[in-house]
Asker: 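Below you'll find the structure I mean.
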Amino acid sequence: MELVSNVLMPRKTHLISTEYPYHVNCRTHGGQFIPIDMPIAWEIMSNYLFFVKHAYKLKIHSFVLMNNHFHLIVTTPHGNLSEAMNYFMRETSKEFNRVLKREDQFYGSRYYRTLVKRVHYWSNVYKYVYRNPVQAGLSQSCEEYRFSTLHGLLGKSRMTIPIEEDHFLFSEFEINSATLKWLNETPLASDIEALAKALKRKEFFLPKNPLNKQPHRLEESLL
């Protein structure tokens with residue numbers, strides 16, 4: 001009976017890539033706000049991202065910590081996202097509980113991952129991640145939000161998270177003002193909804209227009 005059960009209910013498979021980035025996100029248990037000051041939460045996350053980057057040879061492209069979840073864009077040259085994220089979530093959960101002097105479940109569930117193969121898609125995900133605080137009403141602009149690698153990359157705060165070279169943000173070692181302007185341009189609500197749905201899939205792709213079955217407009221333009 002146990003063997004039959006295993007056959008009928010196989011484990012979910014994940015797309016493993018050593019070349020393309022993943023979007024990774026996870027919420028706190030019950031979606032509750034992180035019950036400690038955000039600067040402390042940011043420091044905990046930063047320290048463990050520093051460790052997993054070097055221990056698991058990750059390439060971290062961006063990270064944003066929100067009140068009850070996080071967004072991460074990362075490439076795994078050794079195809080070891082599961083090992084890296086399992087360690088990261090286990091140890092950060094322990095550290096949060098140590099600081100809070102409790103033994104509760106910190107994360108709501110396993111993290112979600114979406115493989116992003118096309119550069120065009122990556123640019124849309126990049127903007128979606130960095131605009132998350134603005135969409136949530138936590139800041140007026142993307143670069144103002146303190147608990148984001150964008151804030152550190154722009155020299156607005158000290159950052160320990162080791163970020164890969166950002167070709168969107170920098171052009172010949174100078175900040176690309178056009179990128180900042182683009183990040184702060186408000187997208188259509190329908191585009192945000194489509195992007196959020198795409199980020200729930202194993203591999204990122206945009207749904208066709210339900211009315212005319214044509215490719216989604218973001219296939220040809222940026223968010």
Side-chain angles (χ1 to χ4, degrees), residues 21-28 31-75 84-85 87-89 91-100 106-107 111 122-187 192 199 223:
Y22 295 89
H23 170 267
V24 180
N25 80 296
C26 186
R27 289 188 174 274
T28 57
Q32 298 178 351
F33 280 9
I34 297 172
I36 60 176
D37 292 341
M38 283 293 283
I40 298 175
W42 176 254
E43 183 178 5
I44 291 172
M45 292 293 203
S46 298
N47 289 340
Y48 278 99
L49 284 173
F50 181 91
F51 179 82
V52 296
K53 182 267 187 296
H54 294 290
Y56 295 93
K57 311 302 181 186
L58 307 183
K59 293 183 177 180
I60 299 174
H61 305 289
S62 65
F63 180 75
V64 173
L65 178 63
M66 301 289 285
N67 290 329
N68 62 357
H69 67 281
F70 68 77
H71 292 272
L72 170 70
I73 301 179
V74 61
T75 301
M85 290 306 302
Y87 177 88
F88 175 75
M89 293 183 64
E91 297 304 318
T92 53
S93 181
K94 286 181 182 178
E95 185 65 13
F96 278 117
N97 278 329
R98 186 191 67 79
V99 172
L100 292 166
F106 183 76
Y107 293 108
Y111 61 91
W122 186 358
S123 63
N124 279 295
V125 175
Y126 174 91
K127 179 173 180 177
Y128 178 86
V129 168
Y130 277 145
R131 276 196 61 82
N132 222 241
V134 178
Q135 293 297 131
L138 298 177
S139 65
Q140 293 296 314
S141 67
C142 301
E143 62 269 26
E144 287 178 7
Y145 188 66
R146 179 178 174 184
F147 310 111
S148 163
T149 49
L150 181 64
H151 197 267
L153 285 171
L154 293 173
K156 293 179 175 292
S157 60
R158 177 178 175 272
M159 183 172 66
T160 58
I161 300 173
I163 297 294
E164 296 297 306
E165 185 176 354
D166 190 325
H167 298 288
F168 293 115
L169 188 61
F170 295 99
S171 177
E172 296 183 356
F173 306 106
E174 293 185 358
I175 296 172
N176 190 332
S177 58
T179 296
L180 286 179
K181 180 181 178 181
W182 164 67
L183 284 173
N184 286 297
E185 289 173 351
T186 304
I192 297 175
L199 288 173
L223 180 68

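Just so it is clear, the values below take in all heavy atoms, side chains as well, and ignore hydrogens, waters and symmetry mates. None of the values given here were measured: they were computed from a predicted structure. Residue numbers start at 1 and run along the sequence shown.
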Asker: Is the closest side-chain heavy-atom distance between Trp42 and Arg146 below 4.5 Å?
Answerer: no
Asker: At what distance, to the nearest 0.5 angstrom, does OG of Ser62 lie from CG of Leu72?
Answerer: 7.0 Å
Asker: I want to check something: taking the side chain as every heavy atom from C-beta on, are Arg131 and Pro187 in contact at a cut-off of under 4.5 Å?
Answerer: yes
Asker: Any side-chain donor-acceptor pair under 3.5 Å between Asn184 and Gln140?
Answerer: no
Asker: Is the number of heavy atoms from other residues, nucleotides or ligands under 6.0 Å of Phe50 CZ greater than 12?
Answerer: no
Asker: Applying side-chain contact (heavy atoms from CB on, under 4.5 Å) to Arg27 and Tyr107, what does each step give before you reach the verdict?
Answerer: CA-CA 6 Å; Arg27 289 188 174 274; Tyr107 293 108; over 6 Å; no
Asker: For Leu223, does its backbone N or O pair with a side-chain atom of Asn124 as donor and acceptor, under 3.5 Å?
Answerer: yes
Asker: Between Asp166 and Thr179, is a side-chain contact (heavy atoms from CB on, under 4.5 Å) present by the stated rule, with each step listed?
Answerer: CA-CA 11 Å; Asp166 190 325; Thr179 296; over 6 Å; no
Asker: Under the 3.5 angstrom rule, does the side chain of Asp37 hit a backbone N or O of Pro39 as a donor-acceptor pair?
Answerer: no
Asker: For Glu165 and Phe170: C-alpha separation, side-chain torsions, deciding distance, then whether side-chain contact (heavy atoms from CB on, under 4.5 Å) applies.
Answerer: CA-CA 8 Å; Glu165 185 176 354; Phe170 295 99; over 6 Å; no
Asker: Can you label the angle between the Tyr87 ring and the Tyr48 ring as parallel, tilted or perpendicular, going by 30° and 60°?
Answerer: tilted
Asker: Does a sphere of radius 6.0 Å around CD in Glu185 hold more than 12 heavy atoms from other residues, nucleotides or ligands, not counting ones at 6.0 Å or beyond?
Answerer: yes
Asker: Taking the six-membered ring for Trp, are the ring centroids of His61 and Trp122 within less than 6.0 Å of each other?
Answerer: yes
Asker: Using ring-ring contact (aromatic ring centres under 6.0 Å, His included), reason through Tyr145 and Phe147 one step at a time and then give a plain yes or no.
Answerer: CA-CA 6 Å; Tyr145 188 66; Phe147 310 111; 5.7 Å; yes
Asker: Which class fits the ring pair Phe168 and Tyr126: parallel under 30°, tilted 30 to 60°, perpendicular over 60°?
Answerer: tilted
Asker: Taking 4.0 angstrom as the limit, do Lys53 and Glu164 come out as a salt bridge?
Answerer: yes
Asker: Do Leu153 and Glu143 make a side-chain contact, defined as non-hydrogen atoms from C-beta onward lying under 4.5 Å apart?
Answerer: no
Asker: Show, in sequence, the C-alpha distance, side-chain angles and deciding distance for Met38 and Leu65, and conclude whether the side-chain contact (heavy atoms from CB on, under 4.5 Å) test is met.
Answerer: CA-CA 9 Å; Met38 283 293 283; Leu65 178 63; 3.9 Å; yes
Asker: Does the side chain of Ile34 come within less than 4.5 Å of Phe106's, by heavy atoms?
Answerer: yes
Asker: Is the ring pair Phe88/Phe70 parallel, tilted or perpendicular, if the boundaries are 30 and 60 degrees?
Answerer: perpendicular
Asker: Measure the spacing between CD1 of Ile44 and OG of Ser93 and express it to the nearest 0.5 Å.
Answerer: 10.5 Å
Asker: With a 4.5 Å cut-off on side-chain heavy atoms, are Ser46 and Arg158 touching?
Answerer: no
Asker: Restricting to non-hydrogen atoms, name the atom on Pro21 and the atom on Ile73 that form the minimum distance, rounded to 0.1 Å.
Answerer: CB-CG2, 4.1 Å
Asker: Should Leu58 and Val52 count as side-chain neighbours, where that means a heavy-atom distance under 4.5 Å?
Answerer: yes
Asker: Please identify which of these residues, Asn176, Leu154, Thr149, meets the side chain to side chain contact (heavy atoms under 4.5 Å, CB included) condition with Leu169.
Answerer: Leu154
Asker: Could you check Asn25, Thr28, Asn132 and say which one makes a side-chain hydrogen bond (donor to acceptor under 3.5 Å, both in side chains) with His69?
Answerer: Asn132
Asker: Under a 4.5 Å cut-off applied to non-hydrogen side-chain atoms, are Glu144 and His151 in contact?
Answerer: no
Asker: In Å and rounded to the nearest 0.5 Å, what is the CG to SG distance from Leu183 to Cys142?
Answerer: 5.0 Å
Asker: Rounded to the nearest 0.5 Å, what separates atom CE in Met159 from atom OG in Ser148?
Answerer: 8.5 Å
Asker: Indicate yes or no: at least one non-hydrogen side-chain atom of Pro133 is less than 4.5 angstrom from one of Val64.
Answerer: yes
Asker: Mind checking the CE-CZ spacing from Met45 to Phe63? Nearest 0.5 Å is all I need.
Answerer: 5.0 Å
Asker: Kindly give the heavy-atom pair with the smallest separation between Met85 and Val24, and that separation in Å.
Answerer: CE-CG1, 3.8 Å
Asker: Look at the side chain of Asn68 and the backbone N and O of Phe33, then say whether any donor-acceptor pair between them is shorter than 3.5 Å.
Answerer: no
